[in-house]
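Below is one structure, written out as C-alpha cells; comments come after it.
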2 protein chains.
Amino acid sequence: MGWEDIRAAVLDRIRAREWPPGALIPGEEQIAADYGVARATVNRAMQALADEGFVERKKRAGTRVAALPTRRARLDIPVLRREVEATGAVYAFRLLARHEAPIPDEAAMRMGLPGGTPGLYLETLHLADGRPQVFETRWLNPAALPPLPDFATVTANEWLVAEVPFVSGDLVFSAGPAGAAAQALAIAPDTPVFVTERVTVGTAGPITLVRQSHVPGYRVVMQL
Amino acid sequence: MGWEDIRAAVLDRIRAREWPPGALIPGEEQIAADYGVARATVNRAMQALADEGFVERKKRAGTRVAALPTRRARLDIPVLRREVEATGAVYAFRLLARHEAPIPDEAAMRMGLPGGTPGLYLETLHLADGRPQVFETRWLNPAALPPLPDFATVTANEWLVAEVPFVSGDLVFSAGPAGAAAQALAIAPDTPVFVTERVTVGTAGPITLVRQSHVPGYRVVMQL
DNA sequence: AAGTGGTCTAGACCACTAC
DNA sequence: TAGTGGTCTAGACCACTTA
C-alpha cells in the first residue's frame with residue numbers, strides 16, 4: 001500500500017460518488033486506519049489529489065471533494081529549437097534587425113519599467129527546413145543583464161536560458177492578424193496567426209519582453 | 001528550517017551558479033547534514049524543485065541542475081461561467097442548436113471513436129452582459145454518459161463537470177478565421193479568433209469533443 | 001555492487017480556523 | 001478551544017541504475 005494506492009483508492013471512491021462533490025472526506029487518521037498505513041502516507045496521497053484539483057483541503061474544516069473541479073493543465077515550454085527539431089526538421093534562424101533604442105512606452109509598461117529605459121531591440125525569424133515558422137520581436141533590458149553577445153550565432157532565447165537566472169514571468173496566448181509579421185512569414189497581413197507574448201524577470205529586474213507570431217497551423221497541445 | 005527554506009536555499013545556490021546547469025548537486029544526506037534537518041525534509045524540497053523543472057533527479061545518478069530548464073506553466077481552466085463572472089459581468093448562454101446525428105469522421109477520429117458513432121450535437125453561445133463571448137460546438141457520446149438532460153437550463157460543460165467522472169483529456173489552442181462562428185459572435189468571417197479544442201475521456205470512454213471560438217481580444221494568461 | 005532517490009512508519013508538535 | 005491538516009524527525013527498507 002503505497003501513497004499512490006491510497007490516492008487511487010480515494011479517487012475511485014470519489015468517482016463512484018461515495019463522496020459526491022462538496023462532501024467531506026474522512027480525516028487522514030481515519031483513512032490511515034482503514035487502509036492500515038501511516039497518516040503520513042495518507043497525507044501524501046491527499047496532497048497529490050489536492051494538487052490535481054480533485055479535493056480542497058482546509059485545516060480544521062477537513063478535506064472536501066471539489067464541487068467544480070478546476071481542471072489543471074501543465075504546459076512544458078521547450079526552447080524553440082527543440083520544438084522544431086522534435087518534428088524532424090532542421091532548425092535555423094535569421095536575425096532580421098538589431099538596434100539599441102529606448103524601450104517604447106507600451107513595451108516598457110508590460111515589462112514594469114519606466115518609459116524610455118534604454119533597450120536592445122531584436123527581430124528574429126525562426127525557420128524549419130528553411131520555411132518560416134515564427135517571427136519574433138524582442139526587447140532586452142541590458143541593465144539587468146550581463147554583457148550581451150551579438151546574437152548572430154545564438155538566439156536570444158537560448159542565450160538567456162543558459163546564462164541568466166530566471167525568477168518569474170508570465171505568458172500570454174492570443175490570436176490576431178499577422179500584421180507586421182506577415183512579410184517575414186510570407187503570408188497576407190490579415191491572415192490569422194497565433195501569438196505568444198512573454199515577459200521574463202530575473203534577479204536584477206525585468207529581462208526581456210518577447211512576442212512571437214506563429215505561422216498558420218501552429219497549435220499548442222496540453223494534456224489534462 | 002522547513003522544507004520551503006531548504007528549497008529556497010538550494011534554488012539560491014543554483015541561481016548563484018554555485019551549481020551551474022548540468023552540475024551534480026550533493027546528495028540528500030549531505031544537504032540534510034549541512035542544514036541540520038532530516039533527510040525527508042530535504043527530499044521534499046528537492047521533489048518540489050524537480051516538479052518545477054529546476055533539477056532532474058535519477059536514482060543512483062543523483063540530482064542535477066537542469067541544463068535547459070524547460071519552463072513549466074500551469075493553467076487553471078475554470079468553468080466558463082466563472083471566467084465571465086470573475087470580470088464582474090453577468091453570465092448567460094443560448095442553446096443555438098441541438099440534434100442527434102452520427103458523429104462526423106473527423107470529430108470521431110479526434111475522440112478516438114469509430115466513424116458514424118451516434119452522437120448528440122450542440123451549439124451554444126456564451127454571453128457576458130449580453131455580449132457574445134464564446135461560440136461553442138460540441139459532440140457528446142451518449143454511449144459513455146448517463147441519461148442526458150435537455151441542456152436548455154444547464155450548459156453541457158457544467159453538467160459534465162458535476163455529473164461525469166473525468167479521467168483524462170487534452171486541450172489544444174490555435175488561431176484561425178472566425179468562419180462558422182462569425183455570425184453568432186457578430187464579427188466578419190475572416191476575423192482572427194482564438195480557438196480552444198478539448199477532448200474529454202471518462203471511465204466509460206470518450207465523452208465529448210468541444211470547440212470554442214473566442215471573441216477577438218480574448219487572451220489566455222499563464223504564470224511561469 | 002553500491003550509492004542514490006523513493007517511500008513508509010510511528011510519534012510528535014504546531015498553525016490555523018470553524019465552532 | 002478543539003480538531004484538522006501541515007510538517008518534522010529518526011530510522012528503515014527498497015528499487016533502480018550506473019559504475
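Convention: sequence-line order gives letters A, B, ...; per-chain numbering from 1.
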(request) Ignoring hydrogens and angles, tell me if any N or O in the side chain of Asp105(A) forms a donor-acceptor pair with the backbone of Gly115(A) under 3.5 Å. (result) no
(request) Please list, in 5' to 3' order, the outermost nucleotides of DNA chain C lying under 4.0 Å from any heavy atom of chain A. (result) dT7(C) to dC19(C)
(request) Sort and list the pairs that fulfil salt bridge (Lys or Arg N to Asp or Glu O under 4.0 Å) and have at least one residue in residues 195-207 of chain B, not counting sequence neighbours. (result) Arg110(B)-Glu197(B), Glu197(B)-Arg211(B)
Pick out the pairs of N or O atoms, protein on one side and nucleotides 16-19 of chain D on the other, that lie under 3.5 Å.
unit_1  : atom_1 : unit_2   : atom_2 : d
dT18(D) : O2     : Arg60(B) : NE     : 3.3

(request) Would you mind reading off the distance between Arg57(A) atom CZ and dT4(D) atom C1', rounded to a whole angstrom? (result) 9 Å
(request) Check the pair Arg98(B) / Glu123(B) against salt bridge (Lys or Arg N to Asp or Glu O under 4.0 Å), numbers first and verdict last. (result) CA-CA 7 Å; Arg98(B) 177 207 155 103; Glu123(B) 260 180 34; over 6 Å; no
(request) Would you confirm whether Arg64(A), through its side chain, and Gly22(A), through its main-chain N or O, come within 3.5 Å as a donor-acceptor pair? (result) yes
(request) Give me the residues of residues 29-49 of chain B where at least one heavy atom lies under 4.0 Å from an atom of DNA chain C, by number, or none. (result) Arg39(B), Asn43(B)
(request) For this output row, return yes or no: ring centroids of Phe194(A) and Phe173(A) closer than 6.0 angstrom. (result) yes
(request) Please tell me if the side chains of Val195(B) and His214(B) come closer than 4.5 Å, counting only heavy atoms from C-beta onward. (result) no
(message) Please list all pairs meeting salt bridge (Lys or Arg N to Asp or Glu O under 4.0 Å) that have one or both residues in residues 21-40 of chain A, counting only residues at least two apart or in different chains.
(response) Glu28(A)-Arg39(A), Glu28(A)-Arg57(A)
(message) Which is more 5' along DNA chain C, the nucleotide nearest Gly27(B) or the one nearest Gly2(A)? Just name the residue.
(response) Gly27(B)
(message) Within this structure, what is the CG-OG1 distance for the pair Asn141(B) and Thr208(B), rounded to the nearest 0.5 Å?
(response) 9.0 Å
(message) Can a donor-acceptor pair be found, under 3.5 Å and without considering hydrogens, that links the side chain of Asp170(A) to the backbone of Met222(B)?
(response) no
Which donor-acceptor pairs under 3.5 Å do side chains of residues 147-157 of chain A form with protein atoms, sequence neighbours excluded?
unit_1    : atom_1 : unit_2    : atom_2 : d
Asp150(A) : OD1    : Ala152(A) : N      : 3.0
Thr155(A) : OG1    : Glu158(A) : N      : 3.2

